[in-house]
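Data first, discussion second: the structure below is written as structure tokens.
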Amino acid sequence: MTDTAPGATETRDNGERDYSKTLFLPRTDFPMRAGLPQREPEWLKRWEDMDLYKLLREQSRDREKFTLHDGPPYANGNIHIGHALNKTMKDLVSRSMQMLGYNSAYVPGWDCHGLPIEWKIEEQYRAKGKNKDEVPINEFRAECRTFAEHWVDVQREEFKRLGVMGDWDNPYLTMSFDAEATIASELMKVAMSGQLYRGSKPVMWSVVERTALAEAEIEYHEHESDAIWVKFPVASQAWSDEAPEERLLGASVVIWTTTPWTIPGNRAVSFSSRIAYGLYEVTGAENDFGPQPGEKLIFADKLADESAAKAKLTFNRLGDVTFAELSAMTLHHPLSGLAGGYDFLVPLLDGDHVTDDAGTGFVHTAPSHGADDFEIWMAKGREIAAKGIDTTIPFTVDDAGYYTKDAPGFGPDAEGGAARVIDDKGKKGDANQRVITALIASNTLFARGRLKHQYPHSWRSKKPVIFRNTPQWFVYMDKPLGSDTDTLRTRALSAIDATKFVPPAGKTRLRSMIADRPDWVLSRQRAWGVPITVFVNTDTGEILKNEAVNARIHDAFLKEGADAWYAEDAKARFLGADVPDHAAWHKVTDILDVWFDSGSTHAFVLRNSEKWPDLKFPASMYLEGSDQHRGWFHSSLLESCATNGHAPYESVLTHGFTMDKNGFKMSKSLGNTIAPQDIIKKFGADILRLWTATIDYAEDHRIGDEILANTVEMYRKMRNSFRWLLGNLAHYEPEEAVAHADMPELEQLILHRLAVLDGEVRAGYRAYDYKRVVNTIANFMNLELSAFYFDIRKDALYCDPISSVRRKAALTVLDHLYSCLTAWLAPVLVFTMEEIWLERNPGETSSVHARTFPELPANWRNDALAEKWAQIRAVRRVVTGALEIERRNKVIGASLEAAPVVEIADPELLAALEGHDMADICITSQIDVRRAEALASEGFTLADVPGVAVTFARAEGERCARSWKVLPEVGSDPDYPDLTVRDADAMRERAAAGLDAGGDA
RNA sequence: GGGCACGUAGCUCAGGUGGUUAGAGCACACGCCUGAUAAGCGUGAGGUCGGUAGUUCGAGUCUACCCGUGCCCA
């Protein structure tokens, strides 16, 4: 075969000459496979080298600030999937707000004080046989500090690896000196304003860790308790005219408890006016110990039978015991007379917390050992005192779990020494047994047993805790501050109303917690934290309020950290000459609840404009998991309301928790945990980020192999579309750009779609609705670009002559697509978009992340055009459907083999097609669109596209060796007998441009 | 036990104020292309919307209860 056509160098197997080298085929080195796990660290290094974060700050310093304030993770251990989700979410918010045009600085932080770290150091001590109490406290604190520093470094690297951008070189730490100084000052502000008080309260106490625990530090686990039923004999004394009736004398009220060791602390028995009580006489006893026939006992009627069964008794009901009788009654303590103690009267108190669901209908009340007990005792204080009963709450158990002298018969003076409730290992001591023995001896034990139930345990040691009366520091929730209606609680509630919650349910949740919560217990009897920097008068208990002293404390902490409080000369140094009588003041050694630390971050981060000038107070947003309604959202709100009178945030965003693939919570014991490190190693951080952006974070959500595979697939599709974009744009010269008005309608349609998407993407990012953003973009790329626009325009892009406006217009559109899509996806696929951006925009300081979302010309939006093209696409669907049948029947393979006849009955539809090359749009070689009054009955139709019928016909003519179109005109050009007219022109232009010189023509 | 949520195809998500045959993408099956090629295109099957009972002419969308899951609390 003679080769007259320049440029066509090879011959194909089918005899056609190979023109592929004369086409503008996609040309790129951008790899189809991303290799993210290997390559991501390179981009991280690049950003670090160019100091991208600082670059952004400088570039956006004049913009409006958007401050997402980081809630500090605890500096202890590697990050898990929850951390990864949380930090990635924050990064999505921060980056998208930056690209929306704000100065969105992000300063990460860490929570460094607290029990878990202290616990780790103690564990190390124990392993070495070292005793914590023998180590100077500041030495111990230094070890805690070093430990926290280590994990800050570890987590910092793990967070950076996720692609999270922030001020990593300059994060905040709750243990930095300036933080410790500010936290102490915040506490002193609270003290100075009269909101701090010292109270005595039963708190959850861990004997093992020797500390009071907050509710947040308590877990409930199955525990077997000793249950006892105890008789309280009716006392003969009465304080009113309504003396007990004769029939009640000698009777006993029976209580039930699962904590026998609290009996020495008993001071009352609670009952309820809503419950019916009766007097019962024992008629038969199976055992020869315990209650015997003739004994009279009082029970809630509903629970009498059940209780009788416990003691293996039979009862006879003698009659009602009325509310008036019970109210007028006093009881003897069951251990009355033991070791000369317990000779006080025990009142009966009407309490709401009493039910007849379980027990006896009477509730043992030990004000030093239970919240309800404490509250009713306090509430009825006046009534109790009026009966001549001492209202003092005893301290019956010390911090090591031993009874004190307030528990006669069991304290240090008792035979065999003090009994113990719980030992150092968290095991049950001898207290219960000794109390039970004493009850038996005094014939006041009704029955005993064991009970398995949920019991509070320490979150760290997993050992049971006890309720124990201790002196603690509190913040008032309801004390009027200024006006009667201005309390910390009312301030916090109105601050919640002024805050935007995403999703809105968060508002209800936080509100109900604030509305119900008791006073805030601030004190911990531990070492690793910020001390409660107050002095208390040894006589009056009043708190020293001296600004000069406070200032000295603040300054010292700033220079030396909170260790200064524990230095030997601290008291003299801080009181100084401003306080004359140093001996009259006691230096408090308790430390602050860590929630106060993290609740104060707004004070030492957002208001530290010297260190972080790009942040603002209050923050634009706090963003954490939904558990933080009880945690950081809560403590920050209270702390700021106490010191500033308003919330530290304008909005609060919460996310749910990550479950396993079946929707169950992840736990090490179930073995269903998924580590973010593993996902990164296997797929890359961009996949983890894409997963984060596609889930409905407001709810709990799942992760697993199949879900990640879906994410990977989504990524792959988008990546390949970008690859094709890049390949085509290799042939684009910006100076060839075609103006919007000069573009074909198809190009204008795509620009219209970009304009619409621009609105959706911005709205989605503003609403923090990332799944909407990503799904919208991915659908656009798959359905409108890959399957429609790209498919149609391949012919023009590959084959059209150099001069073709159609081709240049398409390239211009590809350039716009590239510009928009890389920006829109940059907050999510931080690595991949940078990779794609650098392909065309290399440079030392070039980064897609330094961009803002492109501003698109308003005239791109053209709804009328879109409507028209919806009709065109409907016709296209009918054509595609018709071809599919022929393809099934093996009549054709490629659609270019077809030349269908399209009959249109609807004149409006026909008008829509006017002026468009439907063959191009349908990717056929030829097409015959014609008006038809009645549609051919054998034509292919679609039910939802009325008035259109398509009849298949094979394309007539030869196949063009260059464009593969089948047209009758092929062969008409003497120079290029194997090409269409368009392709022959293209070849001539190439020859004129000297493009194909060097071919073997 | 209490408070707050959630439960739409195997998976991830759409489905304003209740209204015709519940929508996408991925996965799956089948087919086409071989000039996006460890890619691209098309077709198909697959959900009675956790369950039950109500309100209504009509409920995925409202009410009650139940089941399941989660967070917080006790």
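A note on names: the letters A, B, ... follow the listed sequences, proteins ahead of strands, and every chain is numbered from 1.
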How close or far is atom [atom2] of [N] from atom [atom1] of [X], stated in whole angstroms?
X: A:Leu942; N: B:U43; atom1: CG; atom2: P; result: 9 Å
X: A:Gln628; N: B:C73; atom1: CD; atom2: P; result: 10 Å
X: A:Glu897; N: B:G42; atom1: CD; atom2: P; result: 18 Å
X: A:Asp791; N: B:A36; atom1: CG; atom2: P; result: 9 Å
X: A:His634; N: B:C71; atom1: NE2; atom2: P; result: 20 Å
X: A:Asp696; N: B:C11; atom1: CG; atom2: C1'; result: 15 Å
X: A:Leu725; N: B:G40; atom1: CG; atom2: P; result: 13 Å
X: A:Asn775; N: B:U12; atom1: CG; atom2: P; result: 12 Å

If pairing requires Watson-Crick or G-U wobble contacts with both distances under 3.5 Å, which nucleotide is the partner of [N]?
N: B:A9; answer: none
N: B:G70; answer: B:C4
N: B:U20; answer: none
N: B:C62; answer: B:G54
N: B:G35; answer: none
N: B:C28; answer: B:G44

Sequence-distant partners of A:Asp815, salt bridge (Lys or Arg N to Asp or Glu O under 4.0 Å), two or more places apart: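 By the salt bridge (Lys or Arg N to Asp or Glu O under 4.0 Å) rule, A:Asp815 matches A:Arg840.
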Salt-bridge criterion met for [X] and [Y] (N-O under 4.0 Å):
X: A:Asp800; Y: A:Arg807; answer: no
X: A:Arg888; Y: A:Glu884; answer: yes
X: A:Asp791; Y: A:Lys794; answer: yes
X: A:Arg982; Y: A:Asp795; answer: yes

Using a 4.0 Å heavy-atom cut-off across all strands, classify [X] as base, sugar-phosphate, or nothing.
X: A:Arg887; result: sugar-phosphate
X: A:Gly727; result: nothing
X: A:Lys507; result: nothing
X: A:Ile707; result: sugar-phosphate
X: A:Ser626; result: sugar-phosphate

Step by step, work out the side chain to side chain donor-acceptor pair (under 3.5 Å) result for A:Tyr19 and A:Asp978. CA-CA 10 Å; A:Tyr19 284 89; A:Asp978 54 351; 2.9 Å; yes
Please state whether the base of [N] and the side chain of [X] form at least one donor-acceptor pair under 3.5 Å?
X: A:Ser786; N: B:A36; value: yes
X: A:Arg33; N: B:A38; value: yes
X: A:Trp724; N: B:G40; value: no

Is there a donor-acceptor contact under 3.5 Å linking the side chains of A:His655 and A:Asn86?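 Note: A:His655 and A:Asn86 side chains meet the donor-acceptor criterion.
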Name the pairs: protein N/O against N/O of nucleotides 24-27 of chain B, kept only if under 3.5 Å.
{"unit_1": "B:C26", "atom_1": "O2'", "unit_2": "A:Asn710", "atom_2": "OD1", "d": "2.6"}
{"unit_1": "B:C26", "atom_1": "O2", "unit_2": "A:Asn710", "atom_2": "OD1", "d": "3.4"}
{"unit_1": "B:A27", "atom_1": "OP1", "unit_2": "A:Glu713", "atom_2": "OE2", "d": "3.3"}

Spacing of the [atom1] atoms in [M] and [N] (rounded, Å):
N: B:G16; M: B:C72; atom1: C1'; value: 31 Å
N: B:G42; M: B:C33; atom1: C1'; value: 10 Å
N: B:G58; M: B:G1; atom1: P; value: 37 Å
N: B:C41; M: B:U34; atom1: C1'; value: 12 Å
N: B:U56; M: B:A64; atom1: C1'; value: 16 Å
N: B:G60; M: B:A22; atom1: P; value: 10 Å
N: B:U8; M: B:G3; atom1: P; value: 24 Å
N: B:A59; M: B:U20; atom1: P; value: 11 Å

Within the distance-only criterion (no hydrogens, no angle test), does the side chain of A:Arg489 pair as donor or acceptor with the backbone N or O of A:Met477 below 3.5 angstrom?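 Checked: no pair found.
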Distance-only, no hydrogens or angles: does the A:His731 side chain make a donor-acceptor pair with backbone N or O of A:Leu25 under 3.5 Å?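 Yes; at least one donor-acceptor contact below 3.5 Å.
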Parallel, tilted or perpendicular, as decided by the 30° and 60° cut-offs, for the rings of A:His80 and A:His83: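 Tilted, since the angle between the ring planes falls between 30° and 60°.
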Between A:Trp691 and A:His701, what is the ring plane arrangement, given parallel below 30°, perpendicular above 60°, and tilted in between?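 Perpendicular, since the angle between the ring planes exceeds 60°.
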Taking only N/O atoms, report every protein-nucleotides 4-7 of chain B pair under 3.5 Å with atom names and distance.
{"unit_1": "B:C6", "atom_1": "O2'", "unit_2": "A:Glu699", "atom_2": "OE1", "d": "3.4"}

Check whether any side-chain N or O of A:Lys665 sits under 4.0 Å from OP1 or OP2 of B:U69, and answer yes or no.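 For A:Lys665, the contact criterion (side-chain N or O under 4.0 Å from OP1 or OP2 of B:U69) is not met.
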With respect to the phosphate group of B:U12, does any side-chain polar atom (N or O) of A:Thr711 fall under 4.0 Å of OP1 or OP2?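 For A:Thr711, the contact criterion (side-chain N or O under 4.0 Å from OP1 or OP2 of B:U12) is not met.
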Does NZ or CZ of A:Arg873 lie under 6.0 Å from the centre of the six-membered ring of A:Tyr789, at an angle within 45° of the ring axis?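 No, A:Arg873 does not sit over the ring of A:Tyr789.
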Of the options [options], whose atoms approach the side-chain atoms of [X] most closely?
X: A:Arg723; options: B:A36, B:U69, B:C41; answer: B:A36
X: A:Cys799; options: B:G35, B:G42, B:U34; answer: B:G35
X: A:Phe657; options: B:G70, B:A36, B:G31; answer: B:G70

If each of A:Lys661 and A:Trp964 is mapped to the nucleotide of RNA chain B with the nearest heavy atom, which maps nearer the 5' terminus, i.e. the 5' end?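 In this pair, the answer is A:Lys661.
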Could you check whether any side-chain heavy atom of A:Asp944 comes within less than 4.5 Å of a side-chain heavy atom of A:Arg877, counting everything from C-beta outward?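 With C-beta onward as the side chain, the pair touches.
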